[in-house]
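I have placed the structure first, in the form of structure tokens, so that the comments after it can refer back to it.
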Amino acid sequence: MKCPNCSNNIEFGNACNICGIDTVLFKNTIRISDLLYNKGLTLAQAGDLSNAKDSLNKSIQFNKNNYYARNLLGLVYCEIGHVADALKQWIISSSLVSENNPATKYIENLQNSGKDLDLYNDAIKMYNQALKYIVQKSDDLAIIQLKKALEINPKLVDALNLLSFCYLIQDDKALASDLVKKVLAIDCNNPIALNYYKVIHQTKRAPKPVINITETKRAVYAGQGANRISKEEHKKSFGNKFYFSGVISFIVGAAFMLLISYLFILPSISSDDAETIATLQYELEELESLRILDSMEHENALRARDSQISDLNATLATLSAEVDVQDRLNRMTLARETFESGEIVEAASIVYAISDTGFSDEEIERLENLRMLVFASAANILYNEGLAHVNADELDLARRAFETVLLYAPEGASYLPDTTYQLGVIAESEEDFERAIAIFTAVIENFPNSNRAANAQTRINNIISD
Amino acid sequence: MINFKEEVSKYKPILSIEDVESSIEADEVKDMMDLLQYITNQVSQKASEE
């Protein structure tokens, strides 16, 4: 017979003389681990995740190398939002068996969804922080954290339960009941949720999960022993009398042995060191949670500030436009007052600088009326002033006056041909003959029927002949 | 009614991604087979001493 542990040939008895194990006990231990895996699988398929988790953890306690149990346990953890626990199980599983192990794919999937993984991790941290708040009896702060966590991961069962508990503390049974139902939809035998259900619906019995999995449909797996565990094999291994009660007795005994052995085997860790590590870990977690919370709050505050700045800029632009319009309306009033006080040219220069952008139709009409009134009078005055400057040989002043007349004069004004002609004469006097010819040409073209057209032609001829 | 202290004690912090590595290192599970081997070795050691 070969030792199932070290493959040494055992000639007689059950004990291996190399590794020292009892082969019968060894095989039975592996079978129990496989049975517990099968039970875990059945429970997981039925949506009883809490009991599946317990069963799979026990399976691993019997055989730590049962990588199938670890893979399934990882899936169960993932389903209830414990992504880090899931990752842990899959990492150990892939380190046990690297080839054809679905754990490798699970890890890849998690790592490929990097952003989601970070978010799920944030949700876990928020839950952990909320738990601390609850211990400090700050249930309002806890509720904020839990709501944020559930926004990220609505399947985080512990957060759902804890939020439900917070609502129960606040005596809001309706909200608590909704959350309890959500938990039971994910994990139908969740003990915490069932307890809350009983508290909330005192007259009702807690909903019983419906398990529709028949014996024949049960997927069974045997990790390292036989390929599949049938009822016959089960009988062969444990006999007719050794059934589930035997398994349970064995588990209890084994657990007791585990406890005693741990006391003797494991080196005693200094309790002071453990306490220090735990305190530091707690502080680190707290700081990390605070950092996440701070960064989220900071980000929200920045977003709010940006939006506020945009709003203020928009308001500022509107107000500036309104102020500008009001300023121009005020200048219109000033121009009218200046005009009425007799300072007509001054009033014209004020009106000329007023734009009608942003004005209402009524304001545009008012401005047009003011322009017609002021410009016509101002142009007439400036024309006469221009002539006076010409007579006084003040050509520069005369030119400025005539140029302004051209800006203000209404269409068809009688003095327009002479004003233009006078500008040509001034240019000629200043020996700017090119400009003079251009102006005289403009007189001929724009005012062909005026007296000044013939004069302009004569002046052009004289300039050319000279 | 729900007992606050008792209820809160049912909730445990969840492992976060940053702690996975240290958790794997710390979690050196001794399974049933390790225990059986240990006990068998102890028994055979005592027998040889006697």
Go through the steps to decide whether B:Glu7 and A:Asn195 satisfy the test side chain to side chain contact (heavy atoms under 4.5 Å, CB included), and finish with yes or no. CA-CA 10 Å; B:Glu7 199 56 40; A:Asn195 184 31; 3.7 Å; yes

Stepwise, does the side chain to side chain contact (heavy atoms under 4.5 Å, CB included) test hold for B:Glu21 with A:Ile91? CA-CA 9 Å; B:Glu21 196 181 337; A:Ile91 289 170; over 6 Å; no

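Ring geometry, A:Tyr127 versus B:Tyr11: the interplanar angle falls from 30° to 60°, so the pair is classed tilted.
Evaluation of the side-chain hydrogen bond (donor to acceptor under 3.5 Å, both in side chains) rule for A:Ser164 yields no partner, not counting sequence neighbours.
Of the atoms belonging to A:Tyr120, not a single heavy atom falls under 4.5 Å from chain B. Contacts between A:Ile124 and chain B at a heavy-atom distance below 4.5 Å involve the side chain alone, from C-beta outward. Looking at A:Leu131, only its side chain comes within 4.5 Å of chain B, counting heavy atoms on both sides. The contact between B:Lys12 and chain A is made entirely by backbone atoms, counting heavy-atom distances below 4.5 Å.
For the set A:Leu117, A:Asp85, A:Val135, A:Leu168, the count of heavy-atom pairs under 4.5 angstrom toward chain B peaks at A:Asp85. Heavy-atom pairs under 4.5 Å with chain B were tallied for A:Val199, A:Leu87, A:Leu162; the largest tally goes to A:Leu162. Of all the listed residues (B:Val8, B:Ile17, B:Val20), the one sharing the greatest number of non-hydrogen pairs under 4.5 Å with chain A is B:Ile17.
Among all heavy-atom pairs drawn from B:Ser16 and A:Ala84, the shortest one is C-CB, 3.4 Å.
Atom CG of A:Asn121 sits about 8.5 Å away from atom CG of B:Asp19, to the nearest 0.5 Å.
A cation-pi arrangement is found for A:Lys137 relative to B:Phe4, the charged atom lying closer than 6.0 Å to the ring centre and inside a 45° cone about the ring normal.
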